[in-house]
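Just below is one structure, and these are the notes that go with it.
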Amino acid sequence: MGAAWVLLEPLSSERHENCHMKEKTQRISDRLDWNLLRTFLVIAQEKSISGAAVKLHVTQSAVSQALRRLEEQFGRRLIERHHSRFCLTPAGEEVLAAADTIYGNVAQLASSVSDADEQTVGRIHVLVASRIHSAVYDAFWATFHRAHPRVEVELEVMPSSEIVKIIQQKGATAGIALCKQMPKRLEHSLFLQQRYSLFCGQYHSLFGKSDLTMDDLLGENFVSFTSDALGDSLSPLTIFRDQRGFSGTVVATSSHHDEVKRLLVAGFGIGCLPEHSVQHDLDEGRLWRLPPEEGVCSANLYLLWHEDAHRTAAERVFLDAFKTHIEQYTPAQRLLPILPQVRQQ
DNA sequence: AGTTTCACAAACAGAGGTTA
DNA sequence: TAACCTCTGTTTGTGAAACT
(Lines give C-alpha, C1' and ligand atoms only; values in the text may rest on other atoms or scores of the structure.)
Protein backbone atom coordinates (compact mmCIF):
# COMPACT_ATOMS: atom_id res chain seq x y z
CA MET A 1 0.00 0.00 0.00
CA GLY A 2 2.85 2.31 1.05
CA ALA A 3 3.37 4.65 -1.90
CA ALA A 4 0.42 3.63 -4.05
CA TRP A 5 -1.23 7.03 -3.61
CA VAL A 6 1.76 8.98 -4.92
CA LEU A 7 0.79 10.19 -8.38
CA LEU A 8 3.83 10.39 -10.59
CA GLU A 9 2.24 10.74 -14.02
CA PRO A 10 2.72 14.22 -15.50
CA LEU A 11 -0.49 16.22 -15.93
CA SER A 12 -1.05 18.35 -19.02
CA SER A 13 -2.76 21.52 -17.77
CA GLU A 14 -1.43 23.87 -15.11
CA ARG A 15 -4.78 23.81 -13.30
CA HIS A 16 -4.59 20.08 -13.04
CA GLU A 17 -1.01 20.42 -11.90
CA ASN A 18 -2.03 22.75 -9.07
CA CYS A 19 -4.87 20.46 -7.99
CA HIS A 20 -2.53 17.53 -8.16
CA MET A 21 0.11 19.26 -6.05
CA LYS A 22 -2.43 20.34 -3.45
CA GLU A 23 -3.83 16.82 -3.22
CA LYS A 24 -0.39 15.31 -3.05
CA THR A 25 0.75 17.75 -0.35
CA GLN A 26 -2.35 16.95 1.68
CA ARG A 27 -1.72 13.24 1.36
CA ILE A 28 1.94 13.58 2.33
CA SER A 29 1.07 15.55 5.47
CA ASP A 30 -1.58 12.97 6.36
CA ARG A 31 0.54 9.91 5.77
CA LEU A 32 4.17 10.90 6.22
CA ASP A 33 5.95 8.46 8.48
CA TRP A 34 8.04 10.21 11.13
CA ASN A 35 10.35 7.18 11.38
CA LEU A 36 11.37 7.75 7.75
CA LEU A 37 12.19 11.41 8.47
CA ARG A 38 14.19 10.37 11.52
CA THR A 39 16.11 7.87 9.38
CA PHE A 40 16.75 10.53 6.74
CA LEU A 41 18.00 12.92 9.43
CA VAL A 42 20.58 10.35 10.56
CA ILE A 43 21.59 9.57 6.95
CA ALA A 44 22.24 13.29 6.38
CA GLN A 45 24.13 13.64 9.66
CA GLU A 46 26.30 10.59 8.98
CA LYS A 47 26.63 11.43 5.25
CA SER A 48 26.36 7.69 4.64
CA ILE A 49 23.68 5.02 4.51
CA SER A 50 25.88 2.43 6.17
CA GLY A 51 26.91 4.97 8.82
CA ALA A 52 23.25 5.68 9.53
CA ALA A 53 22.58 1.94 9.76
CA VAL A 54 25.23 1.59 12.48
CA LYS A 55 23.78 4.53 14.39
CA LEU A 56 20.19 3.27 14.10
CA HIS A 57 21.14 -0.33 14.95
CA VAL A 58 19.60 -1.76 11.76
CA THR A 59 21.14 -3.17 8.60
CA GLN A 60 22.33 -0.95 5.78
CA SER A 61 19.70 -2.56 3.60
CA ALA A 62 16.89 -1.43 5.93
CA VAL A 63 18.15 2.16 5.79
CA SER A 64 18.41 2.03 2.02
CA GLN A 65 14.81 0.80 1.78
CA ALA A 66 13.58 3.45 4.23
CA LEU A 67 15.24 6.13 2.10
CA ARG A 68 13.58 4.71 -1.01
CA ARG A 69 10.16 4.76 0.70
CA LEU A 70 10.66 8.38 1.77
CA GLU A 71 11.70 9.36 -1.76
CA GLU A 72 8.60 7.60 -3.09
CA GLN A 73 6.39 9.53 -0.66
CA PHE A 74 7.80 12.85 -1.89
CA GLY A 75 8.13 11.67 -5.47
CA ARG A 76 11.63 13.19 -5.52
CA ARG A 77 15.22 12.04 -5.20
CA LEU A 78 16.56 13.29 -1.85
CA ILE A 79 20.15 12.09 -2.22
CA GLU A 80 22.36 12.06 -5.30
CA ARG A 81 24.10 8.71 -5.58
CA HIS A 82 27.67 9.01 -6.84
CA HIS A 83 30.76 6.84 -6.47
CA SER A 84 31.99 7.40 -2.91
CA ARG A 85 30.41 10.88 -2.88
CA PHE A 86 27.40 11.90 -0.87
CA CYS A 87 25.26 14.95 -1.56
CA LEU A 88 21.70 16.04 -0.87
CA THR A 89 19.51 17.24 -3.71
CA PRO A 90 17.73 20.60 -3.22
CA ALA A 91 14.64 18.59 -2.21
CA GLY A 92 16.82 16.65 0.22
CA GLU A 93 18.05 19.91 1.79
CA GLU A 94 14.44 21.03 2.25
CA VAL A 95 13.43 17.74 3.86
CA LEU A 96 16.51 17.83 6.11
CA ALA A 97 15.68 21.32 7.37
CA ALA A 98 12.09 20.28 8.08
CA ALA A 99 13.16 17.03 9.76
CA ASP A 100 15.61 18.98 11.93
CA THR A 101 12.84 21.28 13.13
CA ILE A 102 10.38 18.45 13.71
CA TYR A 103 12.99 16.50 15.69
CA GLY A 104 13.47 19.51 17.97
CA ASN A 105 9.75 19.97 18.43
CA VAL A 106 9.23 16.29 19.27
CA ALA A 107 12.04 16.42 21.82
CA GLN A 108 10.41 19.46 23.44
CA LEU A 109 7.02 17.79 23.36
CA ALA A 110 8.39 14.81 25.31
CA SER A 111 9.82 17.19 27.89
CA SER A 112 6.56 19.17 28.18
CA VAL A 113 4.43 16.05 28.55
CA SER A 114 6.74 14.74 31.25
CA ASP A 115 6.41 18.08 33.05
CA ALA A 116 2.63 18.08 32.70
CA ASP A 117 2.37 14.69 34.38
CA GLU A 118 3.91 15.98 37.55
CA GLN A 119 3.47 19.70 37.88
CA THR A 120 5.90 20.13 40.73
CA VAL A 121 8.65 17.90 39.42
CA GLY A 122 10.57 19.22 36.46
CA ARG A 123 13.32 17.53 34.58
CA ILE A 124 16.46 18.96 33.00
CA HIS A 125 18.81 17.25 30.59
CA VAL A 126 22.27 18.81 30.38
CA LEU A 127 25.02 17.66 28.03
CA VAL A 128 28.54 18.18 29.38
CA ALA A 129 32.05 17.84 28.02
CA SER A 130 34.27 15.28 29.71
CA ARG A 131 35.53 16.14 33.21
CA ILE A 132 34.80 19.74 34.14
CA HIS A 133 37.28 20.75 36.85
CA SER A 134 35.80 23.56 38.88
CA ALA A 135 34.78 23.87 42.51
CA VAL A 136 32.42 26.64 41.42
CA TYR A 137 30.71 24.15 39.13
CA ASP A 138 30.48 21.54 41.89
CA ALA A 139 29.03 24.17 44.22
CA PHE A 140 26.44 25.13 41.64
CA TRP A 141 24.89 21.67 41.64
CA ALA A 142 24.90 21.54 45.44
CA THR A 143 23.17 24.92 45.62
CA PHE A 144 20.76 24.07 42.83
CA HIS A 145 19.70 20.78 44.41
CA ARG A 146 19.13 22.43 47.78
CA ALA A 147 16.99 25.12 46.14
CA HIS A 148 15.09 22.77 43.81
CA PRO A 149 15.15 19.27 45.35
CA ARG A 150 12.31 17.98 43.17
CA VAL A 151 13.96 18.81 39.88
CA GLU A 152 15.26 15.65 38.26
CA VAL A 153 18.66 16.07 36.57
CA GLU A 154 20.29 14.07 33.79
CA LEU A 155 23.92 14.92 33.02
CA GLU A 156 25.17 13.26 29.85
CA VAL A 157 28.87 13.30 28.99
CA MET A 158 29.78 13.48 25.30
CA PRO A 159 32.21 15.18 22.87
CA SER A 160 31.71 18.94 22.45
CA SER A 161 30.90 18.62 18.74
CA GLU A 162 28.02 16.26 19.57
CA ILE A 163 26.76 18.59 22.29
CA VAL A 164 26.57 21.51 19.86
CA LYS A 165 24.72 19.40 17.30
CA ILE A 166 22.12 18.18 19.79
CA ILE A 167 21.50 21.61 21.34
CA GLN A 168 21.00 23.02 17.83
CA GLN A 169 18.30 20.37 17.36
CA LYS A 170 16.77 21.37 20.74
CA GLY A 171 17.49 17.85 21.95
CA ALA A 172 18.46 18.85 25.51
CA THR A 173 18.03 21.69 28.00
CA ALA A 174 21.56 23.06 27.65
CA GLY A 175 25.15 22.03 27.08
CA ILE A 176 28.54 22.82 28.53
CA ALA A 177 31.04 22.44 25.72
CA LEU A 178 34.28 23.64 24.19
CA CYS A 179 33.64 26.04 21.32
CA LYS A 180 36.10 27.63 18.90
CA GLN A 181 33.42 29.82 17.37
CA MET A 182 29.83 30.30 18.41
CA PRO A 183 27.45 27.93 16.58
CA LYS A 184 24.39 29.31 14.77
CA ARG A 185 21.06 29.62 16.64
CA LEU A 186 22.69 29.10 20.04
CA GLU A 187 22.87 31.50 22.97
CA HIS A 188 25.98 31.22 25.11
CA SER A 189 27.58 32.28 28.35
CA LEU A 190 31.35 31.94 28.89
CA PHE A 191 31.98 29.53 31.75
CA LEU A 192 35.65 28.46 31.93
CA GLN A 193 38.70 29.92 30.20
CA GLN A 194 41.07 26.96 30.19
CA ARG A 195 44.77 27.18 29.39
CA TYR A 196 46.25 24.04 27.83
CA SER A 197 49.91 23.13 28.42
CA LEU A 198 52.18 20.23 27.55
CA PHE A 199 52.83 17.46 30.07
CA CYS A 200 54.52 14.08 30.25
CA GLY A 201 54.00 11.25 32.70
CA GLN A 202 56.18 9.70 35.40
CA TYR A 203 57.35 6.87 33.09
CA HIS A 204 58.40 9.21 30.25
CA SER A 205 62.08 9.89 29.54
CA LEU A 206 61.57 13.65 29.93
CA PHE A 207 59.97 13.33 33.37
CA GLY A 208 61.81 15.36 36.03
CA LYS A 209 64.05 17.27 33.58
CA SER A 210 63.86 20.96 34.41
CA ASP A 211 66.13 22.57 31.78
CA LEU A 212 64.16 21.47 28.72
CA THR A 213 63.64 23.63 25.62
CA MET A 214 61.12 23.26 22.80
CA ASP A 215 63.86 21.62 20.67
CA ASP A 216 64.02 18.75 23.19
CA LEU A 217 60.34 17.94 22.51
CA LEU A 218 60.19 18.01 18.72
CA GLY A 219 60.78 14.27 18.17
CA GLU A 220 58.38 13.09 20.87
CA ASN A 221 55.21 11.11 20.16
CA PHE A 222 51.83 12.49 21.22
CA VAL A 223 48.84 11.52 23.29
CA SER A 224 45.90 13.57 22.07
CA PHE A 225 42.22 14.28 22.50
CA THR A 226 40.00 12.79 19.79
CA SER A 227 38.57 16.28 19.37
CA ASP A 228 41.87 17.94 18.44
CA ALA A 229 41.47 17.00 14.78
CA LEU A 230 41.54 20.02 12.44
CA GLY A 231 38.26 21.92 12.56
CA ASP A 232 37.16 20.41 15.86
CA SER A 233 36.99 22.11 19.25
CA LEU A 234 40.61 21.47 20.20
CA SER A 235 42.19 21.94 16.77
CA PRO A 236 44.54 24.70 18.13
CA LEU A 237 46.53 21.84 19.70
CA THR A 238 47.05 20.26 16.26
CA ILE A 239 47.91 23.64 14.72
CA PHE A 240 50.46 24.20 17.49
CA ARG A 241 52.12 20.82 16.74
CA ASP A 242 52.25 21.59 13.02
CA GLN A 243 53.57 25.13 13.40
CA ARG A 244 56.31 24.17 15.87
CA GLY A 245 57.53 21.38 13.57
CA PHE A 246 56.91 18.37 15.77
CA SER A 247 57.98 15.18 13.97
CA GLY A 248 56.49 12.59 16.37
CA THR A 249 53.19 10.88 15.68
CA VAL A 250 49.96 10.61 17.65
CA VAL A 251 50.27 7.20 19.31
CA ALA A 252 47.23 7.28 21.59
CA THR A 253 43.92 9.15 21.70
CA SER A 254 40.82 9.39 23.84
CA SER A 255 37.81 11.68 23.99
CA HIS A 256 37.91 11.59 27.80
CA HIS A 257 40.13 13.81 29.91
CA ASP A 258 40.92 11.09 32.47
CA GLU A 259 41.90 8.56 29.81
CA VAL A 260 44.21 11.05 28.08
CA LYS A 261 45.81 11.67 31.46
CA ARG A 262 46.09 7.91 32.09
CA LEU A 263 47.89 7.45 28.74
CA LEU A 264 50.22 10.35 29.55
CA VAL A 265 51.05 8.94 32.98
CA ALA A 266 51.67 5.55 31.32
CA GLY A 267 54.36 7.15 29.17
CA PHE A 268 52.79 6.79 25.70
CA GLY A 269 54.02 10.27 24.79
CA ILE A 270 53.64 13.94 25.63
CA GLY A 271 50.32 15.71 25.46
CA CYS A 272 48.17 18.69 26.34
CA LEU A 273 45.79 19.03 29.28
CA PRO A 274 44.09 22.00 30.94
CA GLU A 275 46.64 23.40 33.42
CA HIS A 276 44.18 23.85 36.25
CA SER A 277 42.96 20.25 36.04
CA VAL A 278 46.28 18.54 36.78
CA GLN A 279 47.74 20.51 39.71
CA HIS A 280 47.14 17.55 42.02
CA ASP A 281 48.95 15.18 39.63
CA LEU A 282 51.91 17.56 39.41
CA ASP A 283 52.08 17.82 43.20
CA GLU A 284 52.01 14.03 43.58
CA GLY A 285 54.63 13.36 40.89
CA ARG A 286 52.46 11.65 38.28
CA LEU A 287 52.81 14.37 35.63
CA TRP A 288 55.62 16.76 34.67
CA ARG A 289 55.11 20.22 33.12
CA LEU A 290 56.93 20.78 29.80
CA PRO A 291 57.78 23.92 27.77
CA PRO A 292 56.66 26.34 26.49
CA GLU A 293 56.35 28.30 29.69
CA GLU A 294 53.33 30.24 28.42
CA GLY A 295 51.40 27.06 27.54
CA VAL A 296 50.04 25.94 24.17
CA CYS A 297 46.61 27.48 23.67
CA SER A 298 43.38 28.52 25.34
CA ALA A 299 40.05 26.73 24.93
CA ASN A 300 36.87 28.09 26.43
CA LEU A 301 33.98 26.13 27.88
CA TYR A 302 30.59 27.73 27.29
CA LEU A 303 27.13 27.16 28.61
CA LEU A 304 25.04 26.76 25.41
CA TRP A 305 21.28 26.80 24.92
CA HIS A 306 18.97 27.19 21.94
CA GLU A 307 17.77 30.75 21.42
CA ASP A 308 14.12 29.95 20.66
CA ALA A 309 13.45 26.59 22.30
CA HIS A 310 10.32 26.27 24.39
CA ARG A 311 11.47 25.71 27.98
CA THR A 312 9.74 24.10 30.95
CA ALA A 313 9.75 25.85 34.31
CA ALA A 314 12.55 23.58 35.55
CA GLU A 315 14.67 24.36 32.50
CA ARG A 316 14.19 28.12 32.93
CA VAL A 317 15.13 27.85 36.60
CA PHE A 318 18.28 25.91 35.72
CA LEU A 319 19.49 28.37 33.08
CA ASP A 320 18.86 31.40 35.27
CA ALA A 321 20.47 29.76 38.29
CA PHE A 322 23.58 28.67 36.38
CA LYS A 323 24.18 32.07 34.80
CA THR A 324 23.61 33.86 38.11
CA HIS A 325 25.88 31.44 39.95
CA ILE A 326 28.91 31.70 37.66
CA GLU A 327 28.63 35.49 37.40
CA GLN A 328 29.39 35.61 41.13
CA TYR A 329 32.95 34.46 40.43
CA THR A 330 35.82 35.85 38.34
CA PRO A 331 37.11 33.71 35.44
CA ALA A 332 40.19 32.84 37.49
CA GLN A 333 38.13 31.83 40.53
CA ARG A 334 36.06 29.42 38.40
CA LEU A 335 39.20 27.35 37.75
CA LEU A 336 40.12 26.84 41.41
CA PRO A 337 39.88 23.37 43.01
CA ILE A 338 38.47 24.85 46.24
CA LEU A 339 35.44 27.13 46.32
CA PRO A 340 36.62 30.76 46.69
CA GLN A 341 34.82 33.64 48.39
CA VAL A 342 32.17 35.29 46.21
CA ARG A 343 33.72 38.32 44.51
CA GLN A 344 32.84 41.78 45.75
CA GLN A 345 30.77 43.84 43.30
C1' DA B 1 33.37 -0.44 -0.52
C1' DG B 2 29.04 1.21 -0.54
C1' DT B 3 24.47 0.75 -2.33
C1' DT B 4 20.37 -1.36 -4.39
C1' DT B 5 17.33 -5.08 -5.22
C1' DC B 6 15.05 -9.25 -4.18
C1' DA B 7 13.03 -13.03 -1.50
C1' DC B 8 11.55 -14.09 2.67
C1' DA B 9 10.09 -13.65 7.68
C1' DA B 10 8.22 -11.42 11.72
C1' DA B 11 5.25 -8.17 13.72
C1' DC B 12 1.30 -5.64 13.57
C1' DA B 13 -3.44 -3.84 12.54
C1' DG B 14 -7.99 -4.34 10.90
C1' DA B 15 -11.99 -7.11 9.52
C1' DG B 16 -15.04 -10.56 10.44
C1' DG B 17 -16.79 -14.54 12.97
C1' DT B 18 -17.81 -16.85 17.38
C1' DT B 19 -18.97 -17.17 22.18
C1' DA B 20 -20.42 -16.07 26.86
C1' DT C 1 -22.05 -6.13 23.65
C1' DA C 2 -17.48 -7.04 25.04
C1' DA C 3 -13.84 -10.28 24.63
C1' DC C 4 -11.45 -13.43 22.05
C1' DC C 5 -9.79 -15.90 17.94
C1' DT C 6 -8.51 -16.37 13.09
C1' DC C 7 -7.44 -14.70 8.71
C1' DT C 8 -5.46 -11.42 5.61
C1' DG C 9 -2.84 -7.55 4.03
C1' DT C 10 0.77 -4.23 5.07
C1' DT C 11 5.01 -2.67 6.86
C1' DT C 12 9.61 -3.17 7.94
C1' DG C 13 13.29 -5.88 9.01
C1' DT C 14 17.27 -9.40 7.52
C1' DG C 15 20.48 -11.74 4.46
C1' DA C 16 22.22 -12.74 -0.04
C1' DA C 17 23.30 -11.44 -4.53
C1' DA C 18 24.01 -8.06 -7.95
C1' DC C 19 25.32 -3.60 -9.25
C1' DT C 20 28.11 0.87 -9.47
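Owing to the predicted nature of the structure, the values given are computational and were not obtained by experimental measurement. Protein chains get the first letters and strands the later ones, always in sequence-line order, with residue 1 at the start of each.
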Practice task
Output yes when a side-chain donor or acceptor of Glu315(A) lies under 3.5 Å from a complementary backbone atom of Thr312(A), and no otherwise.
Solution key: yes
Exercise for the section: Report yes or no: is there a donor-acceptor pair, N or O only, under 3.5 Å between the side chain of Gln60(A) and the base of dT14(C)? Expected result: no
Practice task
Would you tell me if any nitrogen or oxygen in the side chain of Arg69(A) comes within less than 4.0 Å of OP1 or OP2 on dT4(B)?
Solution key: no
Handout entry: Interatomic distance where CD belongs to Gln65(A) and P belongs to dA18(C) [whole Å]
Key = 17 Å
Practice task
May I have the distance from Leu67(A) (atom CG) to dG2(B) (atom C1'), rounded to whole angstrom?
Solution key: 13 Å
Problem - Donor-acceptor pair under 3.5 Å, Thr59(A) side chain vs dG13(C) base - result: no
Fill in the blank from the handout: In whole angstroms, the gap separating C1' of dT14(C) from CZ of Arg68(A) amounts to 15 Å
Exercise for the section: Anything under 30° is parallel, anything over 60° is perpendicular, the rest tilted; go ahead and classify Phe225(A) against Tyr196(A). Expected result: perpendicular
Practice task
Answer yes or no: is there an ion pair linking Arg289(A) with Glu275(A), defined by an N-O contact shorter than 4.0 Å?
Solution key: yes
Practice task
Tell whether Ser61(A) reaches the base of dT5(B) with its side chain through a donor-acceptor pair below 3.5 angstrom.
Solution key: yes
Exercise for the section: May I ask you to say whether Arg68(A) pairs ionically with Glu71(A), meaning some side-chain N is under 4.0 Å from a carboxylate O? Expected result: no
Exercise for the section: Ignoring backbone atoms, test whether Ser64(A) places a side-chain nitrogen or oxygen under 4.0 Å from the OP1 or OP2 oxygen of dT4(B). Expected result: yes
